[in-house]
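Comments concern the structure below.
Throughout, a chain's letter reflects where its sequence line sits, starting with A, and its residues are numbered from 1. In this text, all values refer to a predicted model and were calculated from it rather than measured experimentally.
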Amino acid sequence: MSDPGRGYHDMGGLPAGPVERGEHDYALWEKRVDALLVLLSDKERDLVRVDELRRGIEQLGAKAYDELSYYERWIASITGVLLGKGVFTSDELGRRMAEVEARRRGDEA
Amino acid sequence: MSDTGQHSHDHTPRPDQDGPPSYYQAMETAVRELLIEKGVVTAEEVRAAVEAMDARSPAQGARVVARAWSDPKFKARLLKDGSAACAELGIDMGPTHLVVVANGDKLHNVIVCTLCSCYPRFLIGLPPDWYKARAYRSRVVREPRAVLGEFGTEIPDDWEVRVHDSTADMRYMVLPRRPEGTEGWSEEQLAGLVTRDCMIGVTLPKSP
């Protein structure tokens with residue numbers, strides 16, 4: 001996409017291949033990402049609005065946009081918005097992700 | 001996962017995830033746990049939100065379409081304010097505004113979200129993968145007849161095809177035309193002809 005001013009997410013009207021009709025059932029972790037957005041965007045919390053989610057996805061960069069799966073893009077964006085608003089720090093996130101990975105390795109040992 | 005027989009604890013089967021856990025799956029778990037610990041959400045709220053989304057399905061949209069086919073006054077209200085008409089049937093569109101576009105005489109509608117994946121999810125559930133993928137988003141606005149053809153839907157040349165591009169706050173749904181030969185059918189029978197894809201507009205309702 002070399003149009004000046006056209007974001008890589010802005011693909012309407014561009015040439016592309018045939019529509020691939022395969023579908024997958026959403027996995028639990030994907031549904032949870034969706035659930036987190038529903039909760040975080042409600043009137044009570046109002047922490048991640050839908051337009052903020054989309055802006056975050058559009059700021060991932062063209063490579064990530066094409067390579068990540070749909071809900072991978074979502075959780076990356078949601079996490080970025082929450083970090084930006086100071087809901088948790090990148091230190092807290094990094095430590096917790098390391099713990100999650102360690103628990104998984106423990107489960108698989 | 002090794003299968004050496006040395007571990008004695010029971011493995012609870014993992015939830016249905018595709019492939020090995022990814023970096024982003026760990027991120028989801030970490031973010032969810034941090035949000036719960038900080039009192040932003042509760043585990044129960046997350047569980048309930050997953051269940052609520054599981055309960056949204058094309059059957060809900062089919063009920064709305066069948067009512068519109070059966071009750072012209074409801075149809076008029078649906079076309080005027082989709083969210084309010086759905087609320088009459090106990091369906092909450094959440095923060096999104098539903099705009100229903102009706103197929104008519106020599107008029108066919110189809111919906112897309114070229115920028116992302118906006119979809120009437122509070123009415124008919126989560127979108128199919130192809131709706132979110134590059135090929136559909138790029139092409140349906142430029143060559144809708146060719147894309148519809150890939151779904152087996154041939155629209156005559158003298159028909160108008162309107163493509164509606166959704167936004168974050170405004171979601172479209174197609175109201176298909178009531179199939180001929182369904183005179184006297186109940187709403188329940190009619191709803192059986194309504195598929196997810198005909199409410200997206202890539203197909204027509206099933207034939208009676």
Side-chain angles (χ1 to χ4, degrees), chain A residues 7 9-36 38-43 45 47 49-51 53-54 57-58 66 68-73 75-76 78-79 82 87-88 92-93 95-97 99-101 104 107-109, chain B residues 1-2 7 11-12 14-18 21-35 38 40-41 45-54 94-96 112 114-118 121 126 128-130 132-142 147 150-151 165 168-169 202:
Chain A
H9 62 280
D10 186 3
M11 57 185 72
L14 296 174
V19 176
E20 288 174 24
R21 302 273 299 282
E23 297 179 26
H24 87 292
D25 290 331
Y26 290 101
L28 181 60
W29 79 270
E30 295 177 296
K31 293 178 182 179
R32 281 180 173 151
V33 172
D34 200 275
L36 286 178
V38 168
L39 296 172
L40 293 170
S41 66
D42 70 13
K43 284 200 180 92
R45 277 161 279 241
L47 277 168
R49 298 185 182 184
V50 178
D51 54 331
L53 171 75
R54 185 155 73 85
I57 291 169
E58 290 163 6
D66 278 339
L68 300 190
S69 73
Y70 183 71
Y71 280 109
E72 286 176 344
R73 298 198 292 258
I75 191 62
I78 290 168
T79 303
L82 293 172
V87 176
F88 47 73
E92 286 176 304
L93 177 67
R95 277 200 303 275
R96 182 55 57 100
M97 284 185 69
E99 284 171 32
V100 171
E101 297 282 15
R104 280 203 173 118
D107 283 349
E108 291 174 12
Chain B
M1 206 178 292
S2 62
H7 56 278
H11 279 289
T12 309
R14 275 226 203 85
D16 55 341
Q17 50 199 7
D18 303 312
S22 75
Y23 174 81
Y24 291 96
Q25 284 171 246
M27 186 181 284
E28 183 281 319
T29 306
V31 167
R32 175 165 40 89
E33 289 180 359
L34 287 170
L35 290 172
K38 289 174 184 292
V40 178
V41 301
E45 285 173 323
V46 176
R47 194 193 58 73
V50 168
E51 279 190 4
M53 189 49 81
D54 276 342
T96 57
V112 64
T114 62
L115 291 174
C116 45
S117 56
C118 299
R121 60 206 335 263
L126 298 176
D129 290 326
W130 53 260
K132 305 179 293 185
R134 178 174 294 277
Y136 183 75
R137 287 164 53 189
S138 298
R139 291 178 50 227
V140 77
V141 290
R142 180 176 290 261
V147 171
E150 288 169 31
F151 286 86
D165 197 353
D169 301 312
V202 291

Residue part contacting chain A, namely of R47(B), when any heavy atom lies under 4.5 Å: neither
Return the CZ to CG distance between R134(B) and L14(A), rounded to the nearest 0.5 Å. 7.5 Å
Answer whether the closest heavy-atom distance between the side chains of V50(B) and D34(A) falls below 4.5 Å. no
Please indicate whether R121(B) has more than 12 foreign heavy atoms, meaning atoms of other residues, nucleotides or ligands, lying under 6.0 Å from its CZ. yes
So, do K31(A) and M53(B) sit near enough that their side-chain heavy atoms are less than 4.5 Å apart? no
Honestly, the part of L93(A) sitting under 4.5 Å from a heavy atom of chain B is both
What is the distance from atom SG of C116(B) to atom OH of Y70(A), rounded to the nearest 0.5 Å? 7.0 Å
When V38(A), T79(A), D51(A), L47(A) are compared by non-hydrogen pairs under 4.5 Å with chain B, the top option: T79(A)
Using non-hydrogen atoms and a 4.5 Å limit, figure out which bit of D42(A) sits close to chain B: side chain, backbone, both or neither. neither
Are the side chains of L82(A) and L35(B) in touch, meaning some heavy atoms are under 4.5 Å apart? yes
Which atom pair, heavy atoms only, marks the closest approach of P18(A) to R139(B)? CA-NH1, 3.5 Å
Contact class of F88(A) relative to chain B, heavy atoms under 4.5 angstrom: both
Could you walk me through whether W130(B) and E20(A) pass side-chain hydrogen bond (donor to acceptor under 3.5 Å, both in side chains), step by step? CA-CA 6 Å; W130(B) 53 260; E20(A) 288 174 24; over 6 Å; no
With a 4.5 Å cut-off on heavy-atom pairs, point out which of A133(B), A52(B), S117(B), A48(B) contacts chain A the most. S117(B)
Residue part contacting chain A, namely of V112(B), when any heavy atom lies under 4.5 Å: neither
Taking all heavy atoms of Y24(B) and all of W29(A), pick out the closest pair and write down the distance. O-CZ3, 4.3 Å
Mind checking whether E28(B) and E72(A) have side chains closer than 4.5 Å, heavy atoms only? no
Salt bridge between D129(B) and R21(A), side-chain N to carboxylate O under 4.0 Å? no
List the steps and the verdict of side chain to side chain contact (heavy atoms under 4.5 Å, CB included) for R96(A) and R32(B). CA-CA 10 Å; R96(A) 182 55 57 100; R32(B) 175 165 40 89; over 6 Å; no
For chain B, which candidate among V33(A), V100(A), V50(A), I57(A) shows the most heavy-atom pairs at distances under 4.5 Å? V100(A)
With rounding to the nearest 0.5 Å, note down the distance linking CE in M97(A) to OH in Y23(B). 4.5 Å
At a heavy-atom separation under 4.5 Å, does D54(B) approach chain A through its side chain, its backbone, both, or neither? side chain
Measuring only between side-chain heavy atoms, which start at C-beta, is R104(A) closer than 4.5 Å to T29(B)? yes
R142(B) atom CZ, over 12 foreign heavy atoms within 6.0 Å: no
Nearest atoms (heavy-atom pairs only) where A135(B) meets G17(A): CB-O, 3.2 Å
V46(B) versus chain A, heavy atoms under 4.5 Å apart: side chain, backbone, both or neither? both
Does R137(B) reach the main-chain N or O of G12(A) with its side chain, forming a donor-acceptor pair under 3.5 Å? no
Is any side-chain heavy atom of R54(A) closer than 4.5 Å to one of L115(B)? yes
Distance in Å, R95(A) CZ paired with L34(B) CG, rounded so as to fall on 0.5 Å steps: 9.5 Å
Rounded to the nearest 0.5 angstrom, the CG-OG distance for D10(A) and S138(B) is 9.5 Å
